[in-house]
Protein chains: 2
Amino acid sequence: MNNTRFATALHILTLLAYKEHEWLSSDWIAGSINVNPVIVRKELGVLMHAGLVKSRKGKEGGYALDKNSVAITLADIYLTVKTTNVLGKKNLLPNPKCPVGKDINKKLEGLNTVIDQSVIKELQCKTLKNFAENFH
Amino acid sequence: MNNTRFATALHILTLLAYKEHEWLSSDWIAGSINVNPVIVRKELGVLMHAGLVKSRKGKEGGYALDKNSVAITLADIYLTVKTTNVLGKKNLLPNPKCPVGKDINKKLEGLNTVIDQSVIKELQCKTLKNFAENFH
DNA sequence: ATAATTGTAATATTTATTGTTACATATAAA
DNA sequence: TTTATATGTAACAATAAATATTACAATTAT
């Protein structure tokens, strides 16, 4: 993950958990993270699609959690924003005439499954509520 | 990790383990991975600096393992090539006037330590020898 | 009606990654 | 001692990924 998507999503959700039952605007959230509001709205779109967040349009609109923050784990967040495997990408076209090149991507895939799963397991025991309580 | 460095390094080291006691050239290795030889030489430079590989210059030169393949774990490889945390980058300048923005990077850092460590622990029980034996 | 807000497309900018060319230096072998 | 074959590395080019920006239609409370 050579991007800030997990950090951004977690920041957004922490604010929504911190101000549960309030509707926060993307502009206000963007001011806390210090990024462009459109980035925030895009990420909120992804989080809505994942069922973690809901929105209300128009004046006095904004975003709020769509689940109790105890029911959201950091694994849920990671899974919605993750774009790559922990160990990175495979090389595209290893030489099929080489005994190693021929099979390495299949073996790497197995390794990716194991390692990604171990990260998810670790994140599954951490709730958003618990994380957000850091900021009392 | 939105790059192929781990895949490339593991491929290189698997070849060196597969042909232990031979000196393999960067051109030959590059032909197996199907990438530019200079990429391979650069990565080999990093692996040498980490003490995993040695080189011999000139005609009949090449690269070989500098440790027995049982003494190299996938964690050693990951640690030498990893450039980012598993969960990605932090946002650079969260708003210090916001209770969440003020502290989130410190909390993210703690999380990064835990998660990165869990990946390393998982990789530490996997040796290069064992991985290379996949390709008999 | 007005003001504030989401949702999204289009585009620009910046940063990261990968690839390429070139060549100095080293060394085995003819 | 010359030649062929490597490493080591710098400089630059090309491609891809990530982030930022502008613009505006659609929505809704006041």
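All values below come from the heavy atoms of this structure, side chains included, with hydrogens, waters and symmetry mates left out. To find a chain, count down the sequence lines: A is the first, B the second, and so on, and within it residues start at 1.
- Residue contacts for B/Lys59: at a heavy-atom cut-off of 4.0 Å it reaches a base atom on one of the strands shown.
- When each of B/Leu52, B/Leu47, B/Thr127 is tested with B/Ile72 by the rule side chain to side chain contact (heavy atoms under 4.5 Å, CB included), just one qualifies, namely B/Leu52.
- A residue-by-residue look at A/Lys89 and B/Asn91 shows that A/Lys89 has its nearest nucleotide of DNA chain D further toward the 5' end.
- In this structure, the separation between CD on A/Glu43 and OH on A/Tyr63 is 11.5 Å, given to the nearest 0.5 Å.
- Atom CG of A/Leu24 and atom C1' of C/dT6 are 14 Å apart (whole Å).
- Contact between the side-chain N/O atoms of A/Asn2 and the OP1/OP2 oxygens of C/dT17 is found at a separation under 4.0 Å.
- Comparing C/dT6, C/dT21, D/dT21 against the side chain of B/Val38 picks out C/dT21 as the nearest.
- A residue-by-residue look at A/Met1 and A/Pro37 shows that A/Met1 has its nearest nucleotide of DNA chain D further toward the 5' end.
- Screening A/Leu65, A/Asp76, A/Val70 for a side chain to side chain contact (heavy atoms under 4.5 Å, CB included) involving A/Leu128 leaves a single residue, A/Leu65.
- Put simply, A/Ser55 has a side-chain N or O that comes within less than 4.0 Å of OP1 or OP2 on C/dG7.
- Atom CZ in A/Arg41 sits about 13 Å away from atom C1' in D/dA26, given to the nearest Å.
- When atom types are taken as modelled, the side chain of A/Thr113 and the backbone of A/Glu109 share a donor-acceptor pair closer than 3.5 angstrom.
- Contact annotation: B/Asn36 side-chain N/O to C/dT20 OP1/OP2 distance is under 4.0 Å.
- Straight-line distance from the CD atom of B/Glu60 to the C1' atom of D/dT7: 14 Å, rounded to whole Å.
- Taking atom CG on B/Leu44 and atom P on D/dA6, their separation rounds to 14 Å, with Å as the unit.
- In this structure, A/Asn3 reaches the D/dA18 phosphate: one of its side-chain N or O atoms is under 4.0 Å from OP1 or OP2.
- Residues B/Gly58 and B/Val35 both approach DNA chain C. Their nearest nucleotides, taken by heavy-atom distance, put B/Val35 toward the 5′ side.
- Rounded to an integer number of Å, the gap from CH2 of A/Trp28 to C1' of C/dT5 is 16 Å.
- Side-chain proximity of B/Thr4 to D/dT22, C/dT18, D/dA29: nearest is C/dT18.
- Both A/Gly45 and B/Asn34 sit near DNA chain C, but only A/Gly45 has its closest nucleotide nearer the 5' end.
- Atom CZ in A/Arg5 sits roughly 14 Å away from atom P in D/dA17 (whole-Å rounding).
- For A/Lys57 and D/dT28, the NZ to P distance is 7 Å, given to the nearest whole Å.
- Protein atom CH2 of A/Trp23 is 12 Å distant from nucleotide atom P of D/dT28, rounded to whole Å.
- Checking D/dA18, C/dG7, C/dT5 against every side-chain atom of A/Ser25, the shortest atom distance belongs to C/dT5.
- The pair A/Asp116-A/Lys82 meets the salt-bridge criterion, since a charged nitrogen lies less than 4.0 angstrom from a carboxylate oxygen.
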